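Accompanying notes for the structure given below.
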Amino acid sequence: MNQESVILALETSCDETAAAVVKNGREVLSNIISSQIDIHKKFGGVVPEVASRKHMENISPVIDEALLSAGVTLDEITAVAVTHGPGLVGALLIGLSTAKAIAYSKGLPFIGVNHIEGHIAANYIQHKQLEPTFVCLVASGGHSHIVHVLDYDRYEIMGRTRDDAAGEAFDKIARSLGLGYPGGPLIDKLSTEGNPMAVDFPRAYLEEGSYDFSFSGLKSAVLNYLNSKNMKNETVNTADVAASFQEAVVEVLAAKLIKAAKDKKSPYAVLAGGVASNSRLRAVLMEKGQREGIEVLYPSPILCTDNAAMIGCAAYYRLLTGKTADFTLNAVPNLSIGQ
Amino acid sequence: MKVLAVDTSTAVATAAIIEEDKLLCESVLNSNRAHSQKLMGLIDELFMRAGLTPADMDFFACSAGPGSFTGLRIGASITKAMAQVLKKPIAAVPTLDALAFNLFNCSGAVCPILDAQRGMVYSALYAWEKGELVKRQDFRAILLKDLLQYINDEGLSITFLGDAVSLHADEIREAIPHSFFAPPSLLLPRASSVAALALQLHAKGQVESYDAFKLTYIRKSQAEVEYEKKQKAVIGEMSAEDIDAICEIEQLCFESPWSRESFEKELYDNKLAKYVVARVDGKVIGYGGMWVIFDEGHITNIAVHPDYRGRRIGEKILEAMMDTAKKNKVENVTLEVRTSNLAARNLYKKFGFADAGIRKGYYADNGEDAVIMWSHI
């Protein structure tokens with residue numbers, strides 16, 4: 001590719017309406033995110049129909065702003081990319097249909113991107129030296145995977161959650177502690193005031209050598225603890241419970257990621273997805289990584305959250321290998337990595 | 001003048017290109033939705049067959065609802081994006097208008113019905129008068145059995161069309177044996193009808209930019225409905241920032257609504273006027289007004305947003321107004337109400353109002369009588 005690549009990317013898989021302009025894969029010219037968090041807070045979680053309606057209103061101004069703040073016009077765009085799964089199907093369809101129509105009207109190549117692969121690609125933007133192969137933990141409200149990234153478009157899934165996603169567990173526990181939504185940042189913040197050793201919640205390592213996760217047992221343990229305190233009319237120290245719960249999640253995530261990195265002889269242990277913003281997870285990993293001689297990498301918070309810059313980056317590498325899509329591309333709510 | 005029109009409000013994906021009076025090309029595809037996979041290709045094919053490109057269009061038209069939420073959004077996303085890229089306006093054509101247009105110059109009433117699930121339909125009533133489509137009843141989501149009952153009560157000669165016809169054919173035939181169903185060629189949305197109405201809107205300057213385009217859902221999401229049910233109505237005094245919401249409710253509730261200026265005058269100039277508003281989750285959803293003239297209270301208006309009826313909010317408003325009357329040393333309160341508005345008349349009776357006379361032909365819109373009611377405090 002001699003000509004410069006300037007990709008317009010869209011992302012509407014959940015509750016953020018996002019558009020970005022990405023140059024030559026790793027240079028972010030703009031990264032606009034319109035969050036709906038405040039709208040969904042009162043429902044205690046994302047309501048798909050409400051999210052879809054909001055995407056519909058937000059998408060055009062977000063695109064305009066992405067172009068404006070990148071200082072480019074649509075005539076300078078060389079390809080259009082969009083998340084087509086996994087995610088909420090109704091929400092995905094807004095970005096997908098919009099991206100198709102832009103690509104079609106301008107006669108541009110059109111690229112469908114897997115949202116989880118996008119999260120992994122966020123690290124290419126942050127760390128210009130990073131190239132496959134490496135081991136990555138993708139953890140967010142909807143996903144928990146340990147992935148061996150073999151190439152820009154080849155992935156081996158080493159482990160995945162068997163029940164709740166890590167971020168989902170954070171959301172549910174936050175709710176039962178009366179903290180609100182989204183749970184991750186709230187628990188992270190409250191935990192700094194609590195004692196992580198206060199309550200000994202179970203750690204689910206599963207079978208020897210497994211890289212899978214399970215958070216439902218931990219979730220039940222926290223709920224049982226809260227209920228039994230409640231029955232006995234004892235006050236609960238929410239900061240201690242939050243910190244102890246977080247510690248149980250973080251310990252397992254960190255141990256499995258480092259073990260996977262050692263197993264695959266990866267020089268890097270890479271974090272991606274919303275849970276990668278968790279300060280305790282980062283701290284524990286840094287410490288473990290240092291001990292094992294593995295460099296721990298993660299994106300800046302804006303690239304951890306759902307954003308379109310990561311989609312533009314992933315799309316660039318798909319385009320390099322000629323993986324464009326045609327206009328029959330559909331939204332796939334449970335799209336898996338490498339599909 | 002060339003326009004590309006799209007309708008994906010039902011399981012049918014349809015698109016058409018019209019140049020003034022000439023239908024250049026139309027596509028109608030009725031095969032298990034999958035609009036997301038099919039619509040863009042269908043539009044591409046239309047342009048190829050017509051020997052045109054999207055850039056040749058003067059504007060775009062989109063069926064703007066009501067209908068299937070997801071379906072509508074696929075068509076609207078594509079139309080909006082094309083308009084945004086090519087810097088052309090959009091005409092938002094009401095889905096039910098376009099559907100009724102399929103039956104051009106049909107005699108009797110035309111009733112489009114679209115499936116709204118749970119026994120309900122999105123519907124409106126139309127009639128053709130001298131080649132003009134006239135809307136007799138506005139868009140609403142209504143239980144099919146209530147709609148059929150209404151049509152029977154009115155004794156309308158009627159033709160049905162829309163996707164709910166095939167779903168409920170037996171029920172409709174049983175309720176209204178003399179009704180007609182549109183033939184398959186006209187039964188479901190046609191983009192050529194959307195385009196024809198779009199040209200009319202364009203001629204009247206009623207087009208908008210891509211970022212102003214909005215779909216009409218009529219219905220809220222289930223989560224919002226349930227959330228709002230849990231919220232209590234809170235009564236308060238009216239202030240300047242409530243006037244927008246009040247005007248909106250006034251428009252929704254009354255055939256000859258008060259103007260914005262009238263409400264501003266009431267608030268700023270009229271020392272006699274006392275207003276209360278009902279808020280749910282901070283949003284004004286109802287109001288009531290009264291003039292206090294010495295020891296008499298004249299209730300001028302009470303209105304509750306249609307989405308919030310059946311939750312005793314009118315009762316709360318009236319209760320608050322009777323309190324206001326008491327505080328202002330009012331001894332008797334009076335109001336007028338449409339003879340046909342039995343729900344309101346019963347509510348007033350609960351608050352001690354009794355019929356005191358009739359004003360013949362008081363309501364200008366249909367010449368209906370008003371019942372005068374008085375209550376002694």
Side-chain angles (χ1 to χ4, degrees), chain A residues 8 10 12 19 39-65 67 73-75 77 80 82 84-85 88-108 110 325-332, chain B residues 4 6 8 33-45 47 53-57 60 62 64-65 68-88 90 209-215 217 219-228 230-231 281-282:
Chain A
L8 171 66
L10 308 183
T12 60
I39 297 159
H40 296 282
K41 255 182 195 160
K42 66 176 184 184
F43 303 112
V46 178
V47 179
E49 177 60 23
V50 174
S52 302
R53 290 185 184 193
K54 213 61 206 165
H55 283 310
M56 195 71 224
E57 285 172 28
N58 290 346
I59 188 91
S60 354
V62 164
I63 292 169
D64 279 339
E65 206 182 322
L67 292 168
T73 65
L74 271 171
D75 294 334
I77 298 295
V80 182
V82 67
H84 73 112
L88 302 169
V89 67
L92 287 164
L93 285 170
I94 314 291
L96 181 61
S97 306
T98 303
K100 275 183 195 174
I102 296 173
Y104 173 68
S105 306
K106 296 299 281 182
L108 294 172
F110 171 63
D326 65 23
F327 294 129
T328 61
L329 185 73
N330 205 357
V332 185
Chain B
L4 167 75
V6 169
T8 48
R33 296 195 191 266
H35 295 333
S36 157
Q37 285 172 284
K38 290 171 185 165
L39 185 61
M40 200 73 252
L42 191 143
I43 290 172
D44 180 35
E45 206 183 292
F47 279 118
T53 70
D56 295 323
M57 297 299 102
F60 294 87
C62 182
S68 143
F69 297 160
T70 300
L72 285 168
R73 281 191 290 260
I74 293 170
S77 296
I78 286 184
T79 320
K80 266 177 73 176
M82 293 180 89
Q84 183 172 15
V85 169
L86 299 164
K87 301 185 177 68
K88 301 284 168 65
I90 299 187
S209 84
Y210 61 90
D211 49 358
F213 175 88
K214 280 213 166 74
L215 287 169
Y217 295 104
R219 262 202 197 157
K220 291 186 176 164
S221 70
Q222 201 53 31
E224 282 172 294
V225 171
E226 266 156 36
Y227 174 80
E228 282 169 4
K230 287 187 217 144
Q231 309 300 307
D281 206 17

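Treat the numbers as computed from the prediction; the structure is a model and nothing was measured.
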With a 4.5 angstrom heavy-atom cut-off, could you sort out which part of [X] is near chain A: side chain, backbone, both or neither?
X       : answer
B:Phe47 : side chain
B:Leu39 : neither
B:Ala76 : both

Give the member of B:Met82, B:Met40, B:Gln222 that has the highest number of heavy-atom pairs under 4.5 Å with chain A. B:Met40
Heavy-atom pairs under 4.5 Å with chain A are the metric here; pick the option from B:Gly75, B:Ala223, B:Ala55 that has the most.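 Result: the option with the highest number of such pairs is B:Ala223.
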What part of [X] lies closer than 4.5 angstrom to a heavy atom of chain B: side chain, backbone, both or neither?
X        : result
A:Asp64  : both
A:Ala331 : backbone
A:Ile94  : both
A:Leu96  : side chain

Side-chain heavy-atom pair [X], [Y] within 4.5 angstrom cut-off:
X       : Y        : result
B:Ile43 : A:Tyr104 : yes
A:Glu49 : B:Lys220 : no
A:Ser97 : B:Arg73  : no
B:Ile78 : A:Thr98  : no
B:Lys38 : A:Thr328 : no

Within the side chain of B:Lys80, is there an N or O that forms a donor-acceptor pair under 3.5 Å with the backbone of A:Glu57?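 No: the side chain of B:Lys80 does not pair with the backbone of A:Glu57.
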A:Lys42 side chain to B:Glu224 backbone, donor-acceptor under 3.5 Å: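 Answer holds: no.
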Under a 4.5 Å cutoff for heavy-atom pairs, which residue among [options] has the most contacts with chain B?
options                    : answer
A:Asp326, A:Ile59, A:Leu93 : A:Leu93
A:Gly95, A:Ser52, A:Gly107 : A:Ser52
A:Pro61, A:Pro48, A:Ser105 : A:Ser105

Polar side chain donor-acceptor pair, A:Ser60 to B:Asp211, under 3.5 angstrom: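 Note: A:Ser60 and B:Asp211 side chains miss the donor-acceptor criterion.
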Nearest-0.5 Å distance, OH of residue B:Tyr217 to CE of residue A:Met56: 6.5 Å
Side chain to side chain contact (heavy atoms under 4.5 Å, CB included) for A:Lys100 and B:Ser36? Distances and angles first, verdict last. CA-CA 10 Å; A:Lys100 275 183 195 174; B:Ser36 157; 3.9 Å; yes
Audit row: A:Lys106, B:Val85, side chain to side chain contact (heavy atoms under 4.5 Å, CB included) steps and yes/no: CA-CA 8 Å; A:Lys106 296 299 281 182; B:Val85 169; 3.2 Å; yes
Steps toward side chain to side chain contact (heavy atoms under 4.5 Å, CB included) verdict (B:Asp44, A:Phe327): CA-CA 10 Å; B:Asp44 180 35; A:Phe327 294 129; 5.6 Å; no
